[in-house]
Amino acid sequence: MEYDLTLFENGLEELGIALSQEQKKQFIAYYEYLVEKNKVMNLTAITEYDEVILKHFLDSLSIVKVGCFDQKNLAGKSAIDIGTGAGFPGIPLKIAFPELKITLLDSLNKRVNFLDEVIDMLGLKAVTAVHGRAEDYAKQKEHREKYDFCVSRAVANLSTLSEYCIPFVKEGGSFISYKSGKIDEELEQAKNAVKILGGKVQDVVKFPLMDTDMDRSFVVIKKMKPTAKKYPRKAGLPSKEPLT
């Protein structure tokens, strides 16, 4: 099937991202497989082509608006995507920036199986899909404080997300949280939690998502010092009793 790439190409241009024809084909193949598998398992509520382009692909790639995520300097850098679901933002980031090493973490095994199939189908290298909970993986020495970036589009308040994500980030690295436009109150409530976990809010980037009525924010948290060993707390606690 032929797809009109105008919307995608305009969005890429607006973000300053140049993709090869091969990379664009990978995005289309990903879209087709996502929609096909979505018929038999719950991966996304968004399946219309234009909507997926805007609200999944371009939204995932809009992280380039964050200053520390420098496209020219991603070779050798590593990222972990917490609660990746159907692969957002991790798979779009991997397709667009193949030099970035990416780990995709999700707590549902069938989603991880789907991601493995996508990785294989698209021929992506240096990307691993892992089944597990952030609370457990953040305690493992091969993952704890090992990543330049931790990213997450998962739906949770920033205090909870920070406890899941900051332990994965090495000192000097960044946890970048995809959030809606209305972030001020949540940010205020999370500031102490961020500090307890060894981070510092470095930047908040707000913008409207192209051709949608969605406002988007990125909260950029820099890792200033190691996270105390007791964090993250055991499974369930970070969401039930967020740090204050």
Side-chain angles (χ1 to χ4, degrees), residues 8 11-31 33-34 53 56-106 111-112 114-130 132 134 137-138 140 142-154 161 164-178 199 202-203 205 216 218-223:
F8 193 31
L12 291 168
E13 190 178 348
E14 196 175 291
L15 292 171
I17 298 171
L19 296 184
S20 67
Q21 287 307 115
E22 184 55 39
Q23 285 168 305
K24 289 173 192 172
K25 281 182 189 160
Q26 286 177 310
F27 271 105
I28 294 301
Y30 180 26
Y31 165 72
Y33 197 62
L34 175 71
I53 291 291
H56 281 329
F57 294 172
L58 291 172
D59 183 48
S60 293
L61 296 176
S62 61
I63 194 172
V64 298
K65 290 178 179 283
V66 172
C68 64
F69 194 89
D70 183 356
Q71 301 169 63
K72 300 182 193 75
N73 193 27
L74 292 177
K77 294 284 174 71
S78 59
I80 184 165
D81 177 5
I82 301 297
T84 187
F88 304 114
I91 296 277
L93 292 179
K94 184 66 205 177
I95 297 172
F97 312 115
E99 64 275 27
L100 184 65
K101 290 185 235 161
I102 295 190
T103 301
L104 308 167
L105 181 69
D106 198 83
R111 284 200 290 251
V112 172
F114 164 77
L115 294 169
D116 280 333
E117 290 162 10
V118 170
I119 290 163
D120 189 47
M121 178 183 73
L122 300 181
L124 301 174
K125 306 284 183 242
V127 54
T128 312
V130 180
Y137 270 82
Q140 297 180 8
E142 62 267 38
H143 293 285
R144 190 175 184 87
E145 302 190 325
K146 289 290 190 279
Y147 295 90
D148 297 292
F149 300 104
C150 179
V151 294
S152 185
R153 272 201 345 163
L161 266 183
Y164 289 147
C165 294
I166 292 174
F168 287 99
V169 181
K170 59 172 76 162
E171 272 184 80
S174 300
F175 162 41
I176 304 171
S177 178
Y178 289 67
Q202 189 178 39
D203 200 5
V205 180
R216 175 56 96 192
F218 284 107
V219 178
V220 184
I221 294 169
K222 186 164 184 180
K223 184 72 168 274

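Because only heavy atoms are used, hydrogens play no part in the values below, and waters and symmetry mates are left out as well, while side chains stay in.
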Roughly how far, to the nearest 0.5 Å, is [atom2] of [Y] from [atom1] of [X]?
X	Y	atom1	atom2	value
Gln202	Ile176	CD	CD1	9.5 Å
Lys170	Phe149	NZ	CZ	10.0 Å
Ile53	Tyr31	CD1	OH	8.5 Å
Leu93	Gln71	CG	CD	10.5 Å

ring-ring contact (aromatic ring centres under 6.0 Å, His included) with Tyr178: which residues, sequence neighbours excluded?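 Expected list: Phe218.
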Do [X] and [Y] make a side-chain contact, defined as non-hydrogen atoms from C-beta onward lying under 4.5 Å apart?
X	Y	value
Ile17	Phe97	yes
Gln26	Leu124	yes
Leu34	Val118	no
Val219	Phe175	no
Cys68	Val220	yes

For the residue pair [X] and [Y], what are the closest heavy atoms and their distance?
X	Y	result
Ile91	Leu104	CD1-CD1, 3.8 Å
Leu58	Leu12	CD2-N, 3.8 Å
Ser177	Leu161	OG-CD1, 3.7 Å
Ala79	Tyr147	C-CD2, 3.6 Å
Gly90	Ile102	O-CD1, 3.5 Å
Leu122	Ala29	CD2-CB, 3.8 Å

Test salt bridge (Lys or Arg N to Asp or Glu O under 4.0 Å) applied to Lys94 - qualifying residues, sequence neighbours left out: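 Result, salt bridge (Lys or Arg N to Asp or Glu O under 4.0 Å) vs Lys94: none returned.
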Any side-chain to backbone donor/acceptor pair from [X] onto [Y]? Under 3.5 Å, distance only.
X	Y	answer
Ser152	Ile82	yes
Gln23	Ile95	yes
Arg144	Ala138	yes
Lys223	Ile166	yes

Going by the salt bridge (charged side-chain N to carboxylate O under 4.0 Å, His left out) test, which pairs reach into [range], not counting sequence neighbours?
range	answer
residues 116-129	Lys37-Glu117
residues 57-66	Asp59-Arg153, Asp59-Arg216
residues 67-92	none

Is the centre of the Tyr33 ring less than 6.0 Å from the centre of the Phe114 ring?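 Tyr33 vs Phe114: aromatic centres under 6.0 Å.
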Are the ring centres of Tyr30 and Phe88 closer than 6.0 Å? yes
Stepwise side chain to side chain donor-acceptor pair (under 3.5 Å) test for Tyr137 and Thr103: CA-CA 11 Å; Tyr137 270 82; Thr103 301; over 6 Å; no
Could I get the full list of side-chain hydrogen bond (donor to acceptor under 3.5 Å, both in side chains) partners for Ser78, not counting sequence neighbours? Asp148
Count the heavy atoms of every other residue, nucleotide or ligand shown that sit under 6.0 Å from CD of Glu13, and state whether that count exceeds 12. no
For Thr84, which of Val151, Leu115, Val112, Leu105 qualifies under side chain to side chain contact (heavy atoms under 4.5 Å, CB included)? Leu115
